[in-house]
Protein chains: 2
Amino acid sequence: MPQLSFRTKVLQAREEAIVATVKRLLAEKGYDQMTVDAVAAEVGIAKASLYKHFASKEALAAAAMVQTMDRALQTVAQVQDRPGLSALERLKAVTRWTLETQLAGEMPTLPSQNSALRNALLADRGYMDRLMTLSDQLGEWIVQAQADRSLDTRLPPQAVLFTLFARACDPVLGFLQAGGQHSDEQIIDWVMISCFDGLAARP
Amino acid sequence: MPQLSFRTKVLQAREEAIVATVKRLLAEKGYDQMTVDAVAAEVGIAKASLYKHFASKEALAAAAMVQTMDRALQTVAQVQDRPGLSALERLKAVTRWTLETQLAGEMPTLPSQNSALRNALLADRGYMDRLMTLSDQLGEWIVQAQADRSLDTRLPPQAVLFTLFARACDPVLGFLQAGGQHSDEQIIDWVMISCFDGLAARP
DNA sequence: GTCTATAAGAGGATAGAC
DNA sequence: GTCTATCCTCTTATAGAC
């Protein structure tokens with residue numbers, strides 16, 4: 001049944017276009033300022049059609065987060081495959097990807113204060129599964145890096161994990177970019193330094 | 001005219017109560033999720049009365065930010081008065097205050113993506129003046145600390161400044177607090193470590 | 001300046017024809 | 001599944017009496 005398969009593909013492509021738009025708008029305006037009308041308008045379909053694909057605005061955000069998680073997991077897998085890297089170097093590589101993605105305006109960020117949205121995400125198995133997988137993978141590297149003494153052992157792994165996750169919504173990137181005087185690479189290098197080496201000078 | 005003065009004091013007290021409520025609600029729910037109705041209800045006055053004191057929701061947020069800036073400037077002045085501290089130690093002291101304030105739920109944070117709100121703040125002289133004063137004061141310490149080689153000289157002072165400002169809305173604090181397993185002091189110590197010493201181990 | 005009542009409009013979600 | 005048109009709630013802001 002090639003017809004059915006074709007229809008399915010067309011619909012999937014449309015859904016991907018929707019998710020891509022949502023990701024951009026989330027990164028650009030944030031969840032609360034993103035309207036479903038704007039999403040529909042930019043995708044070029046009617047709002048009612050949008051609701052045939054996704055049940056709610058929260059579902060839209062969840063789909064964007066799931067796709068982003070997949071990209072992150074993909075990046076982790078690629079880094080995993082690179083031989084000869086230390087655990088710390090792997091963590092740095094993934095962090096750099098996070099910063100690049102945010103600076104490119106493709107990292108959706110959700111307000112941690114919106115409890116309705118948070119509950120929707122917590123109830124989303126697709127999202128939670130990916131989040132836990134990602135946490136586990138990074139957690140392994142964190143433990144390894146602390147074992148080989150390349151990562152500060154005073155910090156509990158969870159604190160390190162949260163600190164790395166927080167790079168996805170670090171406002172410093174946007175502040176430095178707004179000045180317009182620095183290249184993206186330069187900005188990322190600075191944030192990498194402050195994240196891993198700290199603000200205080202090293203001997 | 002003691003009557004006039006008394007009335008003025010009463011009104012000022014009410015305005016301060018409003019601002020205090022706004023600060024708490026901003027910290028708790030964020031700007032978009034904070035409704036003017038909720039502010040009025042918690043202060044215990046009618047919404048129309050609220051609008052006699054502040055012209056708009058944005059003005060409410062601006063007032064909260066101004067008061068917070070004043071607290072920050074006050075803290076900076078106190079730290080300035082303590083003798084025998086290095087520039088780096090002064091920066092750490094102010095940063096610690098920032099983290100304590102946020103963890104106590106008294107640090108209002110505004111979404112950097114809301115452009116209407118940002119424009120309102122940029123047009124608010126009271127806010128901008130304080131922001132620039134604070135930036136100048138911290139900037140001096142940053143330059144000093146880089147001169148005495150206690151702060152990483154690879155980072156431009158502006159990047160350091162933004163990184164310190166960003167501690168006011170660092171989500172890591174809330175994440176660690178949500179676990180409920182750690183004391184506030186412990187959490188702050190960890191964030192201080194990751195901020196100034198970095199995640200990577202020091203020799 | 002404080003209240004009650006209401007205007008005015010944005011935005012999430014749906015009905016029903018095709 | 002897509003559209004147009006509409007519903008309905010929430011929210012900012014104001015009118016007007018006291």
Side-chain angles (χ1 to χ4, degrees), chain A residues 1 3-19 21-22 25-26 28-64 110-111 113-121, chain B residues 1 3-19 21-22 25-26 28-64 110-111 113-121:
Chain A
M1 33 193 140
Q3 256 195 346
L4 248 171
S5 175
F6 179 71
R7 282 180 65 101
T8 304
K9 273 187 189 171
V10 169
L11 290 185
Q12 266 192 349
R14 173 144 298 174
E15 291 199 358
E16 273 172 36
I18 294 171
V19 173
T21 299
V22 171
L25 285 178
L26 279 181
E28 189 183 324
K29 303 167 107 56
Y31 181 77
D32 292 300
Q33 298 284 320
M34 176 188 82
T35 67
V36 179
D37 291 81
V39 175
E42 240 180 270
V43 176
I45 61 176
K47 184 161 56 166
S49 305
L50 227 178
Y51 275 98
K52 293 288 181 181
H53 291 277
F54 298 92
S56 65
K57 183 182 178 183
E58 285 147 10
L60 278 176
L110 302 180
Q113 295 144 327
N114 187 332
S115 56
L117 177 58
R118 243 196 17 169
N119 290 337
L121 282 177
Chain B
M1 28 190 144
Q3 255 194 348
L4 248 174
S5 175
F6 179 71
R7 282 179 65 101
T8 304
K9 274 187 188 171
V10 168
L11 289 186
Q12 267 193 348
R14 173 143 299 177
E15 291 200 357
E16 274 173 33
I18 294 171
V19 173
T21 298
V22 170
L25 285 178
L26 279 181
E28 189 182 325
K29 303 165 109 53
Y31 180 78
D32 292 300
Q33 296 284 318
M34 177 188 81
T35 67
V36 179
D37 292 82
V39 175
E42 241 182 88
V43 176
I45 62 177
K47 184 164 51 170
S49 306
L50 225 178
Y51 275 98
K52 293 288 180 182
H53 291 277
F54 299 92
S56 65
K57 183 183 178 183
E58 283 148 12
L60 278 177
L110 301 181
Q113 296 141 327
N114 187 332
S115 55
L117 176 58
R118 244 196 17 169
N119 290 338
L121 282 178

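Below, read A as the first sequence line, B as the second, and so on, with proteins coming before strands; counting in each chain starts at 1.
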Trainee: Between protein and nucleotides 5-10 of chain C, map the contacts as a letter string: B base, S sugar-phosphate only, - none, heavy atoms under 4.0 Å, written 5' to 3'.
Mentor: ------
Trainee: Between A:Ala55 and B:Gly44, which residue's closest nucleotide on DNA chain C lies nearer the 5′ terminus?
Mentor: B:Gly44
Trainee: How about B:Pro111 and B:Asp32: do any of their side-chain heavy atoms sit closer than 4.5 Å?
Mentor: yes
Trainee: Using whole Å, what does the distance between atom C1' of nucleotide C:dG12 and atom CZ of A:Phe54 come to?
Mentor: 16 Å
Trainee: Check salt bridge (Lys or Arg N to Asp or Glu O under 4.0 Å) between B:Lys47 and all other residues, then give those that pass, not counting sequence neighbours.
Mentor: B:Asp37
Trainee: Once you round it to whole Å, what is the distance between C1' of C:dT4 and NZ of B:Lys52?
Mentor: 14 Å
Trainee: Name all residues meeting the side chain to side chain donor-acceptor pair (under 3.5 Å) criterion together with A:Asn119; count only those two or more places apart in sequence or in a different chain, and write none if there are none.
Mentor: none
Trainee: Nearest 0.5 Å, what's the CG-CD1 distance between A:Leu60 and A:Ile18?
Mentor: 7.5 Å
Trainee: I'd like to check B:Gln113 versus A:Gln33 (side-chain heavy atoms, cut-off strictly below 4.5 Å). Are they in contact?
Mentor: no
Trainee: May I ask you to say what A:Lys57 touches in the nucleic acid, namely base, sugar-phosphate or nothing, with a heavy-atom cut-off under 4.0 Å?
Mentor: sugar-phosphate
Trainee: At a heavy-atom distance below 4.0 Å, which nucleotide of DNA chain D is the first touched by chain B, and which is the last?
Mentor: D:dT11 to D:dA15
Trainee: Which residues satisfy the side chain to side chain donor-acceptor pair (under 3.5 Å) test with A:Glu28, sequence neighbours excluded?
Mentor: none
Trainee: In whole angstroms, how far is the P atom of C:dG12 from the OH atom of A:Tyr51?
Mentor: 6 Å
Trainee: Considering residues at least two apart in sequence or located in another chain, which fulfil the side-chain contact (heavy atoms from CB on, under 4.5 Å) criterion with B:Arg118?
Mentor: none
Trainee: Please determine which of A:Leu25, A:Val22, A:Leu26 meets the side chain to side chain contact (heavy atoms under 4.5 Å, CB included) test together with A:Tyr31.
Mentor: A:Leu26
